[in-house]
Amino acid sequence: WNPAMKPYIYMERNGIHIIDLHKTVAKIDEAAEALKGIAKSGKKILFVATKKQSKDVVAEKATAVNMPYVNERWAGGMLTNFPTIRKAIKKMTNIDRLMNDGTFSNLSKREILQISRQRAKLEKNLGSISDLTRLPSALFVVDVMKEHIAVKEANRLGIPVFGIVDTNSDPKNIDYVIPPIFLLFYHNAYLRFFQVFLSNFSNFYQNSNVCVKNVTIIKFEEAKQKND
């Protein structure tokens, strides 16, 4: 465990540090208030989750609220070298134009194959942020240890970071720390917490006035009982 997470620890049992549920509720409330301000202003939040167990959930929930997300490899410089990323996205758009205006019919099969592969690679890595025309107003990071490069870039640019921070992580570079109810290595319990939190965040963002904290805890307990 990381000593910096001590304020969020309730107790230690058999070498396992258990997070204080009340602290989780308080930090969700704090994050919700900040997210509410972003929601009202119509600004973008970039979701980052490249871990296998969370990438599909992020894609679904971020898409539901028309938010950009990264669930494949984080490309270094995605924030700090944003103009270059935009050029790559523009290249993808140009390929689409060539496909639609009949230009492809004048190319050889080999050229078409090369361009199609290039288009597929760009789509995989950048398709989910193709509508991000400027730097996001905030980052929402699922695993701050795994996504440390994204966090570092956001810190460098002064972009606030919302992060789910486990007991083995350092919260010092996270502006809005959200301690998970269960440790990340308890896969099923953590995944249920994450799914419920993002589901309620989606509702919250769409309505801008839904209280996320209590709904998340209540719905998580319901989901836990249902799946136990």
Original post:
In terms of hydrophobic clusters joined by side-chain contacts under 4.5 Å, are Leu157 and Phe82 together?
Top reply: yes
**OP:** Report yes if the side chains of Phe47 and Asn71 come closer than 4.5 Å at any heavy-atom pair, otherwise no.
**Re:** no
Subject >> Rounded distance [0.5 Å steps], CD1 in Ile164 versus CG in Asp143 >> reply: 9.0 Å
Original post:
Could you state the interatomic distance from OG1 (Thr80) to CG (Asn155), rounded to the nearest 0.5 Å?
Top reply: 12.0 Å
**OP:** Please answer: with hydrophobic residues joined when any side-chain heavy atoms are less than 4.5 Å apart, are Met145 and Met5 in the same cluster?
**Re:** no
**OP:** Run the numbers on Leu126 and Ile85 for side chain to side chain contact (heavy atoms under 4.5 Å, CB included), then give the verdict.
**Re:** CA-CA 8 Å; Leu126 303 176; Ile85 298 297; 4.0 Å; yes
**OP:** Using the test side-chain hydrogen bond (donor to acceptor under 3.5 Å, both in side chains), find all partners of Asp56 that sit at least two apart in sequence or belong to another chain.
**Re:** none
Subject >> Residues which pass ring pair (Phe, Tyr, Trp, His ring centres under 6.0 Å) with Tyr176, listed by chain and number, not counting sequence neighbours >> reply: Phe162
**OP:** Step by step, work out the side chain to side chain contact (heavy atoms under 4.5 Å, CB included) result for Lys44 and Asn66.
**Re:** CA-CA 9 Å; Lys44 294 290 185 180; Asn66 195 31; 3.6 Å; yes
**OP:** Using the test side-chain hydrogen bond (donor to acceptor under 3.5 Å, both in side chains), find all partners of Thr50 that sit at least two apart in sequence or belong to another chain.
**Re:** Glu147
When the side chains of residues 89-99 are checked against the rest of the protein, which donor-acceptor pairs come out under 3.5 Å, sequence neighbours left out?
unit_1: Thr93; atom_1: OG1; unit_2: Ile89; atom_2: O; d: 3.1
unit_1: Asn94; atom_1: ND2; unit_2: Lys90; atom_2: O; d: 3.4
unit_1: Asp96; atom_1: OD1; unit_2: Arg119; atom_2: NE; d: 2.6
unit_1: Asp96; atom_1: OD1; unit_2: Arg119; atom_2: NH2; d: 3.3
unit_1: Asp96; atom_1: OD2; unit_2: Arg119; atom_2: NH2; d: 3.2

Just distance, no hydrogens or angles: give the donor-acceptor pairs under 3.5 Å from side chains in residues 129-142, sequence neighbours left out.
unit_1: Ser130; atom_1: OG; unit_2: Gly127; atom_2: O; d: 3.0

Original post:
How many angstroms lie between atom CD1 of Ile112 and atom CG of Asn106, to the nearest 0.5 angstrom?
Top reply: 9.0 Å
Original post:
Is the side chain of Ser128 donor-acceptor paired with the backbone N or O of Tyr69 at a distance under 3.5 Å, no angle test?
Top reply: yes
Subject >> Set of residues satisfying side chain to side chain contact (heavy atoms under 4.5 Å, CB included) with respect to Lys23, sequence neighbours excluded >> reply: Tyr8, Asp20
Original post:
What residues, two or more places apart in sequence or in another chain, satisfy side-chain hydrogen bond (donor to acceptor under 3.5 Å, both in side chains) together with Glu30?
Top reply: Lys27
**OP:** Applying side-chain hydrogen bond (donor to acceptor under 3.5 Å, both in side chains), name anything that partners Glu111, two or more places apart in sequence or on another chain.
**Re:** Ser108
Subject >> Qualifying salt bridge (charged side-chain N to carboxylate O under 4.0 Å, His left out) pairs, either residue in residues 64-78, two or more places apart >> reply: Lys55-Glu72
**OP:** Locate the shortest heavy-atom distance separating Val161 from Ile174; write the atom from each residue and the value.
**Re:** O-CG2, 3.5 Å
Original post:
Is the shortest heavy-atom distance from the side chain of Leu79 to the side chain of Trp74 under 4.5 Å?
Top reply: yes
Subject >> Where Val144 and Gly163 come nearest, the two heavy atoms and their spacing >> reply: CG1-CA, 4.0 Å
